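Single-structure report; data block below.
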Protein chains: 2
Amino acid sequence: MTRMRFPARDPETPMHKQTLAERPDGVPVKDATEIPRDVVEAGVTIGLRPRQRLSMSIDEEMVYVVTAGVLLLDSLPSPSGRQIVDLFYRGDVVRPKYAPLLPGMNLIASTRAEVVRIPWRKLEALSDASPVLREWLDRQLSRQAQRRLAHIAAIGVLTGEERLATLLIELALRVGEAGFEDSRSFDMALSRTDMADYLSLNADTLSRIMSRLRQQGVVGTSGRGRAYTSNFKALCARSPVAETIKSLHARTV
Amino acid sequence: MTRMRFPARDPETPMHKQTLAERPDGVPVKDATEIPRDVVEAGVTIGLRPRQRLSMSIDEEMVYVVTAGVLLLDSLPSPSGRQIVDLFYRGDVVRPKYAPLLPGMNLIASTRAEVVRIPWRKLEALSDASPVLREWLDRQLSRQAQRRLAHIAAIGVLTGEERLATLLIELALRVGEAGFEDSRSFDMALSRTDMADYLSLNADTLSRIMSRLRQQGVVGTSGRGRAYTSNFKALCARSPVAETIKSLHARTV
DNA sequence: CGGGGCTTTGATGTGCTTCAAGAACGGTGG
DNA sequence: CCACCGTTCTTGAAGCACATCAAAGCCCCG
């Protein structure tokens with residue numbers, strides 16, 4: 001099978017209970033990735049090991065709300081080429097009905113992850129009953145739609161290096177923690193191969209670009225599966241769409 | 001200014017009144033691109049000349065339902081590269097809120113077109129009041145979400161020739177008419193440049209690929225802005241995602 | 001400590017891009 | 001009706017970014 005790429009941490013409390021840190025001044029941070037309690041309670045919480053697959057059948061339509069970890073939607077559009085068409089982070093709503101009928105379409109966990117499974121009809125009903133929930137769902141789906149278009153733009157016109165920078169910014173914002181000054185460290189939630197397939201690059205090429213960025217001091221790696229930037233601004237300067245990504249992945253509202 | 005690339009046709013009756021032909025056996029075809037009457041009546045119908053721009057401001061959120069023609073959503077993610085991130089055909093719902101904050105983001109008509117402008121809140125209210133309308137809106141938005149992911153897969157892993165074949169299939173299904181046997185003819189609703197920017201290819205390269213397909217007898221062109229295939233199946237054989245595209249652009253339910 | 005998966009790096013190949021020139025087309029006005 | 005003009009399209013030659021192939025290194029795990 002596949003090895004556990006990431007160490008298990010804090011296994012006793014459910015992952016979705018783990019909250020963001022508070023600001024120094026004591027004002028609690030409003031977390032944009034928070035999942036409404038009603039949704040969690042109306043669904044079934046499912047823990048996922050890395051590489052575990054989730055059903056995408058659309059009869060008795062189910063959706064998944066990601067409470068922790070990273071999921072990916074991959075496909076084999078042509079016999080020779082895998083493409084990861086979407087990434088899902090904490091707070092995202094995964095609706096299999098939004099996935100096209102492509103060969104080899106699969107929804108799998110990239111890291112250890114946790115989702116809440118809930119029938120779409122039920123989520124719709126909750127949204128109909130509560131304006132707050134409706135707003136949450138609408139904001140969530142809108143952001144995800146925006147991310148997909150931004151990704152089209154990224155793989156369409158950016159160079160390999162720019163694409164990788166874009167993804168690293170995304171990961172730093174999504175699964176990273178801010179450190180001293182402008183430094184950030186984050187889990188590499190995707191393997192090199194997955195990163196390559198997401199950015200439509202070759203794994204070899206991706207590795208080369210990564211090495212180049214490391215040489216230039218833009219990013220560093222500590223062991224497998226972990227990376228850091230001492231200068232997040234410098235990383236952002238490498239991506240022409242940095243501002244767009246920041247607006248789409250900001251964790252605070 | 002820009003020239004009118006396409007001859008005006010049937011100017012006296014509104015474009016959205018023009019319906020599909022009936023099947024030989026007399027059974028009316030159920031048109032998947034039909035727009036519910038309630039929606040048309042609740043909004044304002046707007047005619048568009050080629051290259052005309054539509055507002056994408058999101059205060060007082062408006063959406064556009066395309067009743068005729070082709071619209072495109074383009075952007076300038078990097079100073080050197082334009083990317084058309086989405087295409088909209090008859091029946092599509094264009095929601096500016098789904099467009100990311102990319103530099104140079106613009107919604108413009110590619111051909112002569114017609115849209116119905118309606119506040120999002122109103123469309124939501126209509127959908128809340130009528131299950132039929134809710135189903136229509138949901139189906140429409142789902143299909144469009146699927147198309148975006150399919151497009152990521154296409155520009156991600158397909159070769160130039162495969163991408164072009166994919167787009168031609170899409171156009172043949174969307175804006176084309178079936179002819180004798182397996183032949184189809186259709187408007188080239190996009191200029192070469194636009195096609196290139198949609199498929200993330202260079203315009204020169206696209207022209208070359210087009211010439212190659214012409215030499216091989218897969219497609220033919222009659223004047224500018226018009227194309228045909230005598231063998232639609234052969235065209236489909238050129239695209240690994242032909243089946244996906246067919247499922248997403250079939251005009252009949 | 002030895003095996004398998006993932007990653008890195010080098011040498012080489014190729015599909016696409018770039019640059020540049022010319023052809024075809026559509027519209028305009030004599 | 002035809003000569004003219006701007007735009008779009010086509011085609012060639014040269015170059016580059018990325019892909020492919022191959023071999024070695026790393027790391028975790030049994």
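Treat the numbers as computed from the prediction; the structure is a model and nothing was measured. Naming convention: chains lettered A, B, ... in sequence-line order (proteins, then strands); numbering from 1 in each chain. Side chains included, hydrogens not; waters and symmetry mates left out as well; all remaining heavy atoms used.
- One atom, CE of B:M210, and another, C1' of C:dA24, lie 15 Å apart when rounded to the nearest Å.
- Checked by atom type, the side-chain pair A:E162/A:S239 shows no donor-acceptor distance below 3.5 Å.
- Separating the CD1 atom of A:I209 from the P atom of C:dT9 is a distance of 13 Å, rounded to the nearest angstrom.
- Checked by distance alone, A:R192 brings no side-chain donor or acceptor within 3.5 Å of a matching partner on the base of C:dG5.
- One interatomic measurement links the two molecules: CG of B:D197 to P of D:dT8, which rounds to 12 Å at whole-angstrom precision.
- Residue A:R214 is in sugar-phosphate contact alone, with no base atom involved, counting any heavy-atom pair closer than 4.0 Å across all strands shown.
- Look at CG on A:N202: it is 13 Å from C1' on D:dA22, rounded to the nearest Å.
- The phosphate of C:dT17 has OP1 or OP2 within less than 4.0 Å of a side-chain N or O from B:T205.
- Shown are B:Q144, B:R147, B:R148; of these, the side chain to side chain donor-acceptor pair (under 3.5 Å) with B:D86 is made only by B:R148.
- You'll find that the side chain of B:S207 is closest to D:dT11, out of D:dT11, C:dC16, D:dC18.
- Here C:dC16 presents its C1' atom at 14 Å from CG of B:L199, a figure rounded to the nearest Å.
- A donor and an acceptor atom sit less than 3.5 Å apart, one in the side chain of B:D204 and one in the base of C:dC19.
- At whole-Å resolution of the value, CG in A:L206 and C1' in D:dT20 are 16 Å apart.
- Between the side chain of B:R212 and the base of D:dT10, no donor-acceptor pair of N or O atoms lies under 3.5 Å.
- Just one residue in the list A:T159, A:L201, A:D204 forms a side chain to side chain contact (heavy atoms under 4.5 Å, CB included) with A:I209, and that residue is A:L201.
- Between A:V241 and A:L158 there is a side-chain heavy-atom pair separated by less than 4.5 Å.
- Between the P atom of D:dC9 and the CG atom of B:L190 lies a distance of 10 Å, rounded to the nearest Å.
- Per the geometry, CD belonging to A:Q83 stands 11 Å off P belonging to D:dA19, to the nearest Å.
- Counted by atom type alone, B:R226 and B:S185 present one or more donor-acceptor pairs between their side chains at under 3.5 Å.
- Below the 3.5 angstrom threshold, one finds no donor paired with an acceptor across the side chain of B:R208 and the base of C:dG15.
- Here the nucleotide nearest the side chain of A:S211, chosen from D:dA19, C:dT17, C:dT8, is C:dT8.
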